[in-house]
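The structure appears below as structure tokens.
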There are 2 protein chains.
Amino acid sequence: MDQQSVPQTTINRLPIYLRCLIRAQSMRMPVINSVGIAEMAGTNAPQVRKDLSYLGELGTRGIGYDVDALIAHISRLLGLTRDRRAAIVGFGRLGSALLGYPGFGEHGCAVVAIFDSDPAKIGTLPLGIEIRDVADLESVLRELLVDIAILTTPVEVAQTMAERVAAAGVTAILNFAPVRLEIPPEVAVRQVDLSTELQILSFHLAERRRVE
Amino acid sequence: MDQQSVPQTTINRLPIYLRCLIRAQSMRMPVINSVGIAEMAGTNAPQVRKDLSYLGELGTRGIGYDVDALIAHISRLLGLTRDRRAAIVGFGRLGSALLGYPGFGEHGCAVVAIFDSDPAKIGTLPLGIEIRDVADLESVLRELLVDIAILTTPVEVAQTMAERVAAAGVTAILNFAPVRLEIPPEVAVRQVDLSTELQILSFHLAERRRVE
DNA sequence: TTTTGTGAAAGTTTTCACAGCG
DNA sequence: CGCTGTGAAAACTTTCACAAAA
């Protein structure tokens with residue numbers, strides 16, 4: 001099956017399936033069926049089978065999916081077999097919290113560079129990683145072969161920083177600043193937006209109230 | 001138009017439109033048209049018009065949308081006219097970073113309670129808010145009329161905490177723990193998942209490589 | 001004239017039912 | 001017999017074209 005044709009919605013669910021499969025693996029389950037994955041992942045069995053069918057014929061009829069083989073296959077498709085190198089741009093509270101997040105190391109993603117503009121921070125070594133002057137952004141990103149930029153800057157400078165990391169050849173950005181980045185389409189952007197999420201939750205609270 | 005029938009995809013975009021409108025307002029634009037909103041929001045004009053049409057007939061043909069009126073209308077629909085009271089459950093690095101995030105106050109959402117299980121933290125007052133013992137979760141949530149719970153606990157306890165906040169009558173959860181929460185459907189959950197986002201970006205990096 | 005609001009078309013995603021295979 | 005893989009149906013979302021209104 002053509003890998004290009006895997007729908008984005010399926011891609012978005014693969015990390016969730018992967019997490020479930022790793023849990024199954026840790027429970028010593030050699031095989032799991034679509035119902036089992038669906039229950040763990042909070043979806044339904046046909047959805048799981050359809051999603052996995054885009055990756056190829058990975059299951060065995062009458063049996064289910066081999067847990068180890070499926071983990072290997074999804075990991076490869078998601079590019080998790082190759083170690084990813086991330087940079088944190090903007091080392092305030094949030095950047096600092098993310099650096100300490102164990103999720104990076106667990107998923108083959110290493111923070112290899114940190115940037116800030118505050119002279120008091122530049123040169124310090126949180127968790128052994130030197131904080132660099134954001135003035136040197138482009139050269140350091142290229143030198144350290146960074147593939148993912150994590151933007152935790154103030155909103156005012158996020159667009160500029162996005163343009164600069166993109167110009168330095170970084171093609172994946174995780175943006176925590178509440179602004180929609182305008183950058184070339186070959187750069188993948190994932191937006192994490194706290195106030196948007198809170199507002200969506202607020203809508204649900206308001207709706208509950210309206211129904212009652 | 002029936003408010004119940006506003007599609008979830010539209011709801012997800014309303015906070016983005018709102019942000020654009022507030023920017024327009026700060027630029028002293030009294031009126032904006034669908035093209036203007038679309039450009040700021042990174043979408044297209046028919047999408048904006050379709051989305052806004054679900055909320056009622058809010059525009060003026062030949063003119064566009066009154067910025068103040070549209071802000072008021074979207075804010076009301078999202079329930080932002082009413083002040084929201086949030087609690088942070090789990091005060092590690094991430095919880096601490098979120099407490100300092102200015103996005104809360106700016107959007108009428110106040111952190112009114114913090115919970116942790118660490119005796120060294122309980123009783124301290126970061127930003128003037130007392131850290132409570134998680135043992136008192138239910139009573140404090142009810143007492144302080146919390147409507148949104150922000151879960152920043154370790155992954156192992158997130159499901160238990162979700163059940164407890166739901167049992168205490170909280171019907172909106174923002175979950176940062178990398179686990180799919182199983183709770184009654186009347187509780188709205190928004191998942192913010194760093195490692196999932198990184199894996200999706202990793203897929204895009206892998207795909208670029210495959211294409212080249 | 002300008003720009004909204006909307007029905008219809010096109011595209012996408014999810015669900016379903018069952019053929020097909022082990 | 002059990003469970004996957006999949007084509008077809010249903011549901012949902014986006015795009016389009018244009019009538020209608022200011």
Side-chain angles (χ1 to χ4, degrees), chain A residues 1-17 20-21 24 29-71 73-74 77 180 185 200 203, chain B residues 1-17 20-21 24 29-71 73-74 77 180 185 200 203:
Chain A
M1 180 143 306
D2 183 8
Q3 281 181 338
Q4 289 281 88
S5 74
V6 181
Q8 182 61 46
T9 47
T10 294
I11 298 298
N12 293 347
R13 281 187 292 267
L14 289 180
I16 296 163
Y17 297 157
C20 298
L21 289 164
M29 292 170 69
V31 167
I32 192 169
N33 65 25
S34 58
V35 177
I37 297 173
E39 274 172 6
M40 282 175 133
T43 180
N44 57 66
Q47 178 75 273
V48 171
R49 291 203 299 276
K50 192 63 146 183
D51 283 338
L52 295 181
S53 76
Y54 290 119
L55 317 190
E57 299 203 9
L58 304 175
T60 309
R61 290 166 201 234
I63 308 285
Y65 300 89
D66 181 276
V67 172
D68 291 352
L70 192 49
I71 288 173
H73 205 284
I74 294 176
L77 185 77
R180 191 145 291 245
I200 293 169
F203 170 78
Chain B
M1 182 139 309
D2 182 9
Q3 280 180 341
Q4 288 281 88
S5 74
V6 181
Q8 182 60 46
T9 48
T10 294
I11 298 297
N12 293 348
R13 280 186 293 268
L14 289 181
I16 296 163
Y17 297 157
C20 298
L21 290 163
M29 292 169 69
V31 167
I32 192 168
N33 64 26
S34 58
V35 177
I37 298 174
E39 275 172 6
M40 282 174 133
T43 179
N44 57 67
Q47 177 76 272
V48 170
R49 291 204 299 278
K50 191 64 147 180
D51 283 337
L52 295 181
S53 76
Y54 290 119
L55 317 189
E57 300 203 8
L58 304 175
T60 309
R61 292 166 199 236
I63 308 284
Y65 300 89
D66 181 275
V67 172
D68 291 353
L70 192 50
I71 288 173
H73 205 283
I74 295 176
L77 185 76
R180 191 144 290 243
I200 293 169
F203 170 79

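The model shown is predicted, which means the values in this text are computed figures rather than measured ones. Here is how names work: the chains are called A, B, and so on, in the same order as the sequence lines, proteins then strands, and each is numbered from 1.
Closest to the side chain of B:Pro7, from the set D:dG5, D:dT13, C:dT15, is D:dT13.
For A:Lys50 and D:dA11, the NZ to C1' distance is 15 Å, given to the nearest whole Å. Distance, A:Leu70 CG to D:dC3 C1': 15 Å, rounded to whole Å. The distance between atom CG of A:Leu55 and atom C1' of D:dT4, rounded to the nearest whole Å, is 14 Å. Summarising the geometry, the separation between NE2 on A:His73 and P on D:dG5 is reported as 11 Å, rounded to the nearest angstrom. Atom-to-atom, CG of B:Leu14 to P of D:dT13 comes out at 13 Å; the value is rounded to the nearest Å. Whole-Å rounding puts the B:Asn33 CG to C:dG5 P distance at 12 Å. As rounded to whole Å, 14 Å separates atom C1' of C:dT12 from atom CG of A:Asp51. Taking atom CD1 of B:Ile37 as the reference point, atom P of C:dT4 lies 8 Å away to the nearest angstrom.
At least one side-chain nitrogen or oxygen of B:Thr9 sits closer than 4.0 Å to the OP1 or OP2 atom of D:dT14. Within the structure, every side-chain polar atom (N or O) of B:Arg49 is placed at least 4.0 Å from both OP1 and OP2 of D:dA20. Residue B:Ser53 has no polar side-chain atom (N or O) positioned under 4.0 Å from OP1 or OP2 of C:dT4. Contact annotation: B:Tyr65 side-chain N/O to C:dG5 OP1/OP2 distance is under 4.0 Å. For B:Gln47 and D:dT13, the shortest distance from a side-chain N or O to OP1 or OP2 is not below 4.0 Å.
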Report, one pair per line, the protein and nucleotides 20-22 of chain C atoms (nitrogen or oxygen only) whose separation is under 3.5 Å.
unit_1: C:dG20; atom_1: N3; unit_2: A:Arg61; atom_2: NH1; d: 3.2

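The shortest distance between side-chain heavy atoms of B:Ile71 and B:Val67 falls below 4.5 Å. Side chains of B:Val31 and B:Thr60 form no contact here, defined as non-hydrogen atoms less than 4.5 Å apart. Between A:Ile200 and B:Gln8 the shortest side-chain heavy-atom distance falls below 4.5 Å. At a threshold of 4.5 Å between non-hydrogen side-chain atoms, the residues B:Pro30 and B:Asp66 do not count as touching. Within the 4.5 Å cutoff, the side chain of A:Ser34 has heavy atoms near those of the A:Tyr65 side chain. Side-chain contact between A:Val35 and A:Asn44 is absent, with no heavy atoms from C-beta onward closer than 4.5 Å.
Residue A:Ser34 is in sugar-phosphate contact alone, with no base atom involved, counting any heavy-atom pair closer than 4.0 Å across all strands shown. Residue-level contact check: A:Leu58 touches the backbone only, with heavy atoms under 4.0 Å from sugar-phosphate atoms and none from bases.
For A:Arg13, the salt bridge (charged side-chain N to carboxylate O under 4.0 Å, His left out) partners are A:Asp51, not counting sequence neighbours.
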